[in-house]
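What follows is a set of notes on a single structure, which appears directly below.
Numbered from 1 within each chain, the chains take letters A, B, ... in sequence-line order.
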Amino acid sequence: MPKIVPYFPNKLISWYLQNKRELPWRNTANPYHIWLSEIMLQQTRVLQGLPYYLKFVEAYPKVEDLAKAPEDEVLKLWQGLGYYSRARNLHTTAKMVSEEMNGVFPDNHKNLLKLKGVGDYTASAIASICFNKPEAVVDGNVYRVLSRVFGISTPINTSTGQKEFKQLAQQLIDEKQPGTFNQAIMEFGARYCVPQNPDCGNCIFNDNCVAFQQKKVAELPVKIKAKPVKKRFFNYLVILSENERTILQQRMGKGIWHKLYEFPLIETSEEVNLSTLKKLQQFQDFAKKINIETISLFNEKPVVHKLSHQHLNTQFWIVETLEDSENTVPISEIGNYAVPVLIADFVSEFFENY
DNA sequence: AATTCGGGGGT
DNA sequence: ACCCCAGAATT
């Protein structure tokens, strides 16, 4: 184990109190608010999550309000934040706390872990911030700070690495102010011990930082490379009926965007032209139900929507029809549905002057 | 233990 | 292009 610096927590907290950002979930110990913020900030930058937090607190002042909301409404408010299972689990947990726990969140790590969408990190965050329990959090910031200060080169995305860093964080935590310590080390990682080009020359820890002493700051933390991203090819059929209606479908299977809405989709193994598209069985099945008047490609070059693990090469096919088929919605009401950013961007571009 | 879940921002 | 972000659930 690395040599523990006894004053590390005090120095860290001192830095935090002078440099912390004022955020709406700071200076509160309301478990509902802390839980909400922690779910939203999973794998998400503070500045990206902040407007969503404000929207949710206004729309759902109490956990009971969130519990009573329809799932589609919650997903719509979450639209654009990504990782939509968080929104579905958020809603599930709100209902559980509201209906089965008398609206009271669990006050310890073990029981917090039982909540959907709450893992080791979030359970520790809530337990420490709301209930003053000495549970150390380990997030991306903590990995970076500890790997550098203590010179630990164990890969952070392995189970042994996760155990090692968790144990170290647990040794370091200030048991008298665990919530403040946890927020301090994360804030320090987010604002000072940043991934690239940190200002080590002026760092409060540079006398003791192993990475700085050994000039290995840029090498830490160590992370095993991810696999290359997959390319997928999406063809959306954008129906336009004479009375200004279109077809939206809810994604129901596994995979990305579960329970969000989109236009009828035909996925292919490569980019297709109109003549190839028309030969596909999926297209012909679709054409049996819809009386297609005209069809044309909206975007000459595919829109490449980049997710962390796949690139979606997307073509939008404009399909004009005369009469309505089943399940159409007014074009003016598309904005009421939770859709992926890929769809939202197309809608705002295409229908802006429609 | 490895994979899969978004989207935005920085370099 | 590649990396990272106040991770969790599923395979």
Where do N or O atoms of nucleotides 9-11 of chain B meet protein N or O atoms at under 3.5 Å, pair by pair?
none

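- Taking 4.5 Å as the limit, every side-chain heavy atom of Lys254(A) sits out of range of all side-chain heavy atoms of His258(A).
- Aromatic ring pairs are classed by plane angle as parallel below 30°, tilted from 30° to 60° and perpendicular above 60°; the pair Tyr236(A) and Phe316(A) is parallel.
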Both distances under 3.5 Å, Watson-Crick or G-U wobble: on that basis, could you give the dot-bracket string for DNA chain B, with [ ] for crossing pairs and | for other-strand partners? |||||.|||||

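- The gap from the C1' atom of dG9(B) to that of dA8(C) amounts to 23 Å, rounded to the nearest Å.
- Looking only at distances, no side-chain donor or acceptor of Arg251(A) sits under 3.5 Å from a matching main-chain atom of Leu260(A).
- Applying the ring-ring contact (aromatic ring centres under 6.0 Å, His included) rule to Phe283(A) yields no partners; only residues at least two apart in sequence or on another chain are considered.
- Taking 4.0 angstrom as the limit, His309(A) places a side-chain polar atom (N or O) nearer than this to OP1 or OP2 of dC5(B).
- Taking the six-membered ring where tryptophan is involved, the planes of Phe56(A) and Tyr60(A) are perpendicular, since the angle between them exceeds 60° and thus also 30°.
- Near DNA chain C, defined here as any heavy-atom distance below 4.0 Å, there are no residues from residues 57-64 of chain A.
- Closest-nucleotide positions on DNA chain B for Asn157(A) and Gln48(A) were compared, and the one nearer the 5' end corresponds to Asn157(A).
- Residues Tyr32(A) and Leu66(A) are in side-chain contact: their nearest non-hydrogen atoms beyond the backbone lie under 4.5 Å apart.
- What separates CH2 of Trp257(A) from P of dG7(B) is a distance of 6 Å, to the nearest Å.
- Regarding contacts with the backbone of dG7(C), every side-chain N or O of Tyr143(A) stays at 4.0 angstrom or more from both OP1 and OP2.
- Neither OP1 nor OP2 of dG8(B) sits under 4.0 Å from any side-chain N or O of Lys306(A).
- Evaluation of atom-type donor-acceptor distances gives no pair under 3.5 Å for the side chain of Thr44(A) against the base of dG7(B).
- Each salt bridge (Lys or Arg N to Asp or Glu O under 4.0 Å) pair with one or both residues in residues 68-90 of chain A, not counting sequence neighbours, appears once here: Glu71(A)-Lys259(A).
- Comparing the P positions of dA6(C) and dC5(B) gives an interatomic distance of 23 Å, to the nearest angstrom.
- Side-chain N/O atoms of Thr122(A) and base N/O atoms of dG7(C) include no donor-acceptor pair closer than 3.5 Å.
- Arg144(A) contributes no side-chain N or O that forms a donor-acceptor pair with the base of dA6(C) under 3.5 Å.
- OP1 or OP2 of dA6(C) has not a single side-chain nitrogen or oxygen of Trp35(A) nearer than 4.0 Å.
- Within residues 335-347 of chain A, the residues approaching DNA chain B are Pro340(A), Val341(A), by heavy-atom distance under 4.0 Å.
- Between the side chain of Tyr83(A) and the base of dG6(B), at least one donor-acceptor pair of N or O atoms lies under 3.5 Å.
- Residue Gln310(A) is tested with Lys230(A), Lys231(A), Arg232(A) for a side chain to side chain donor-acceptor pair (under 3.5 Å); the sole match is Arg232(A).
- Residues Thr294(A) and Glu320(A) have side chains that bring a donor and an acceptor to within less than 3.5 angstrom of each other.
- Look at Gln310(A) and you'll find a side-chain N or O under 4.0 angstrom from OP1 or OP2 of dC5(B).
- Remark: the separation of the P atoms in dG8(B) and dA9(C) is 24 Å, to the nearest Å.
- Checking dT11(C), dA8(C), dG6(B) against the side-chain heavy atoms of Arg86(A) singles out dG6(B) as nearest.
- DNA chain B is contacted by both Lys163(A) and Gln43(A); Lys163(A) maps to the nucleotide lying nearer its 5′ end (nearest heavy atom per residue).
- Remark: the backbone N or O of Arg21(A) is paired with a side-chain donor or acceptor of Glu187(A) at under 3.5 angstrom.
- In this structure, Thr180(A) OG1 and Ile13(A) CD1 are separated by 6.0 Å, a value rounded to the nearest 0.5 Å.
- If you measure from atom CG of Leu41(A) to atom C1' of dC4(C), you get 15 Å, rounded to the nearest angstrom.
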Could you go through Tyr16(A) and Phe181(A), starting from their C-alpha distance and side-chain angles, then the distance that decides it, and tell me whether this counts as ring pair (Phe, Tyr, Trp, His ring centres under 6.0 Å)? CA-CA 9 Å; Tyr16(A) 174 66; Phe181(A) 173 87; over 10 Å; no

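- No side-chain donor-acceptor contact under 3.5 Å links Glu262(A) to the backbone of Ile343(A).
- Here the side chain of Lys133(A) pairs no donor or acceptor atom with the backbone of His109(A) at under 3.5 angstrom.
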